[in-house]
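The model shown is predicted, which means the values in this text are computed figures rather than measured ones.
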Amino acid sequence: MKKELEPAEIQRAFGSESRRQMLEEYFGKAGKVTPANAWKHVYRLLLWTDRTTGLAHCYESDKAQPGRPWYARSLAFHDWVSEGLGAAPGDLGAEVDWLFTRGTERLAAVIARRQAERTGRAAEQRAPYDGRGFPEPGEDPALRESLVREELAPWLPSPPPPAAMRKLTQRIRTHLAQENKRKNLVGEGFEDVLGSLIGRLPGAAKMKVNGRPVLHSLPGFRPPPGNEKPRKVDLAVIGPGKRRVLVSAKWSVRADREEQFGVDFEAYARLEDAGRDFDFVLITNEFDAARLNAACERRRQNATLFTSVVHVNPAGPLAAYGESSRDSAAKLAEHVKSGRLMSLERWLSKLIG
DNA sequence: ATGTGCGAGTATTGTGTCTC
DNA sequence: GAGACACAATACTCGCACAT
């Protein structure tokens with residue numbers, strides 16, 4: 001058993017232990033989890049607003065800029081999701097992104113602690129160069145010059161002291177760098193969130209939920225031969241009757257990662273040892289119709305690759321595309337209608353069935 | 001402590017389609 | 001048929017986990 005870390009000991013604000021604690025905290029006061037409200041929890045925890053547009057993120061930022069096609073779709077999605085979460089369009093930002101917001105608070109504490117620990121050592125390292133005018137860490141002259149001299153100087157009675165400027169430039173850097181950490185949080189965080197949701201459903205007691213388990217730790221799968229490295233699964237649910245569900249959880253999908261689906265399945269099938277079928281399920285929040293269609297239609301031999309393709313809420317992409325007449329959008333609507341692209345609600349309902 | 005693998009978003013390059 | 005545009009594929013980047 002891993003040692004339980006106090007929040008004050010956490011070194012990785014966005015790491016797995018920290019995420020586990022944060023989810024514990026969130027669900028502690030979030031009320032009951034049901035298949036019907038699961039998608040709202042996913043969005044409250046993970047959805048974020050794009051800084052450049054202020055809108056809920058559903059597509060790559062550059063393509064969602066005003067005047068481009070995904071700006072209209074982002075507006076439509078923002079409208080739809082605000083409504084669904086009971087927030088005014090202007091207030092959605094505060095309703096969502098809970099994990100990242102909480103994580104950055106923790107991160108600030110970690111950075112402060114680390115800096116305090118390192119100050120002494122840093123002074124030693126700089127000692128031999130004392131008095132020679134070496135640059136102070138965190139100065140960033142370009143940022144300083146353009147920010148203060150060009151933008152603020154006319155309004156300032158006197159130039160701010162260097163220490164204040166260092167603090168400012170450091171804070172700006174931290175702010176910008178934080179956005180990168182989201183990538184990691186969304187990736188593994190999505191798996192964590194799905195696992196937490198399933199584990200808190202009414203009737204979850206009869207299932208076993210594993211986050212990122214090694215494949216051969218699951219019933220009916222054997223270790224890979226030779227020095228082949230052990231396979232991991234994003235999420236595994238062992239249901240009643242030894243039903244095995246292997247979940248690939250991807251917040252979004254890219255062509256290069258799409259190739260991986262087939263490779264993963266092939267490995268899972270090859271290492272299956274019990275001679276029984278298992279479910280292979282994709283859960284995603286992708287919004288691009290073509291990518292979703294591809295996932296729905298992808299085949300292996302004589303069957304679809306995925307037993308089910310699940311979207312956090314297919315009504316989202318449908319709202320984004322609106323009355324679009326594009327082929328891919330029309331096809332997407334068909335997949336939703338037929339149930340091939342399934343809502344998280346429906347999938348969870350069937351799971352606890 | 002350091003290197004590798006994997007997750008994600010972003011940036012860039014490539015391709016098809018529509019308009020004038 | 002050149003240019004603009006959207007869509008698609010590819011390449012790159014960053015941070016965390018885990019193994020060495």
Side-chain angles (χ1 to χ4, degrees), chain A residues 2 5 10-22 42 45-53 55-74 97 99-100 103-104 106-107 110-111 114 117-118 121 173-195 211-215 227-235 247-261 263-264 267 282-295 312 317 320-321 324-332:
Chain A
K2 224 185 198 174
L5 287 172
I10 291 281
Q11 287 302 310
R12 295 174 164 141
F14 293 94
S16 58
E17 170 61 14
S18 185
R19 292 198 308 267
R20 194 193 58 73
Q21 290 180 3
M22 292 190 288
V42 173
L45 283 162
L46 290 172
L47 185 69
W48 68 97
T49 53
D50 185 304
R51 278 205 225 283
T52 62
T53 61
L55 299 176
H57 178 282
C58 66
Y59 211 69
E60 285 96 52
S61 178
D62 60 323
K63 300 176 183 77
Q65 292 305 304
R68 305 199 63 184
W70 278 91
Y71 188 62
R73 292 170 194 154
S74 295
D97 213 14
L99 268 183
F100 186 69
T104 49
R106 287 179 164 225
L107 182 68
V110 171
I111 289 174
R114 198 168 292 162
E117 284 164 17
R118 290 177 181 172
R121 180 85 182 110
R173 286 211 161 281
T174 308
H175 177 77
L176 296 176
Q178 271 171 7
E179 203 57 29
N180 284 324
K181 301 184 197 306
R182 186 189 296 285
K183 301 168 185 170
N184 197 261
L185 181 69
V186 172
E188 309 215 319
F190 189 37
E191 299 162 18
D192 293 343
V193 167
L194 290 172
R212 279 179 298 283
V214 173
L215 181 68
N227 50 9
E228 203 177 307
K229 70 173 195 288
R231 286 263 163 189
K232 282 193 180 178
V233 184
D234 288 350
L235 192 66
V247 176
S248 183
K250 309 282 170 226
W251 183 258
S252 67
V253 178
R254 294 289 179 285
D256 52 343
R257 288 187 258 143
E258 202 179 286
E259 301 301 319
Q260 197 62 35
F261 294 150
V263 177
D264 287 342
L282 172 68
I283 304 183
T284 184
N285 189 52
E286 176 59 57
F287 268 67
D288 184 283
R291 294 175 195 165
L292 286 170
N293 292 336
V312 172
Y321 278 100
S324 164
S325 56
R326 287 182 47 77
D327 287 358
S328 58
K331 204 182 237 178
L332 175 69

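- Of the candidates C:dG15, B:dT10, C:dC7, the closest approach to any side-chain atom of A:H57 belongs to B:dT10.
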As a quick check of understanding, evaluate ring-ring contact (aromatic ring centres under 6.0 Å, His included) for A:F14 and A:F100, giving each step before the final call.
CA-CA 8 Å; A:F14 293 94; A:F100 186 69; 5.6 Å; yes
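- The phosphate of C:dC7 (OP1 or OP2) has a side-chain N or O of A:R73 nearer than 4.0 angstrom.
- In the set B:dT12, C:dG15, C:dC7, B:dT12 carries the atom at the smallest distance from any side-chain atom of A:D62.
- Between the OH atom of A:Y59 and the P atom of B:dT10 there is a distance of 12 Å, given to the nearest Å.
- In this view, A:K181 satisfies the side-chain hydrogen bond (donor to acceptor under 3.5 Å, both in side chains) rule with no residue, not counting sequence neighbours.
- Contacts of A:E60 classified as salt bridge (Lys or Arg N to Asp or Glu O under 4.0 Å), with partners at least two apart in sequence or in another chain: A:K63, A:R254, A:R291.
- No engagement by A:R51 is indicated, since no non-hydrogen atom pair under 4.0 Å with the nucleic acid exists.
- By the salt bridge (Lys or Arg N to Asp or Glu O under 4.0 Å) test, A:R68 is found to be paired with no residue, residues two or more places apart in sequence or in another chain being considered.
- Looking at A:R212 and A:D192, a side-chain N of the basic residue comes within less than 4.0 Å of a carboxylate O on the acidic one, giving a salt bridge.
- With sequence neighbours excluded, the residues satisfying side-chain contact (heavy atoms from CB on, under 4.5 Å) with A:A267 are A:R231, A:R270.
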What does the B/S/- profile of nucleotides 1-8 of chain B look like, 5' to 3', with a 4.0 Å heavy-atom cutoff to protein?
-----SSB
Pairs under 3.5 angstrom, nitrogen or oxygen only, protein versus nucleotides 13-20 of chain B, please.
none

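- A:R254 comes within contact range of at least one nucleobase, with a heavy-atom separation under 4.0 Å.
- Although no hydrogens or angles enter the test, the distance criterion places a donor-acceptor pair under 3.5 Å between the side chain of A:N293 and the main chain of A:S328.
- A residue-by-residue look at A:P69 and A:L107 shows that A:P69 has its nearest nucleotide of DNA chain C further toward the 5' end.
- Relative ring orientation between A:Y59 and A:W70 is described as parallel, the plane-to-plane angle staying below 30° on a 0-90° scale split at 30° and 60°.
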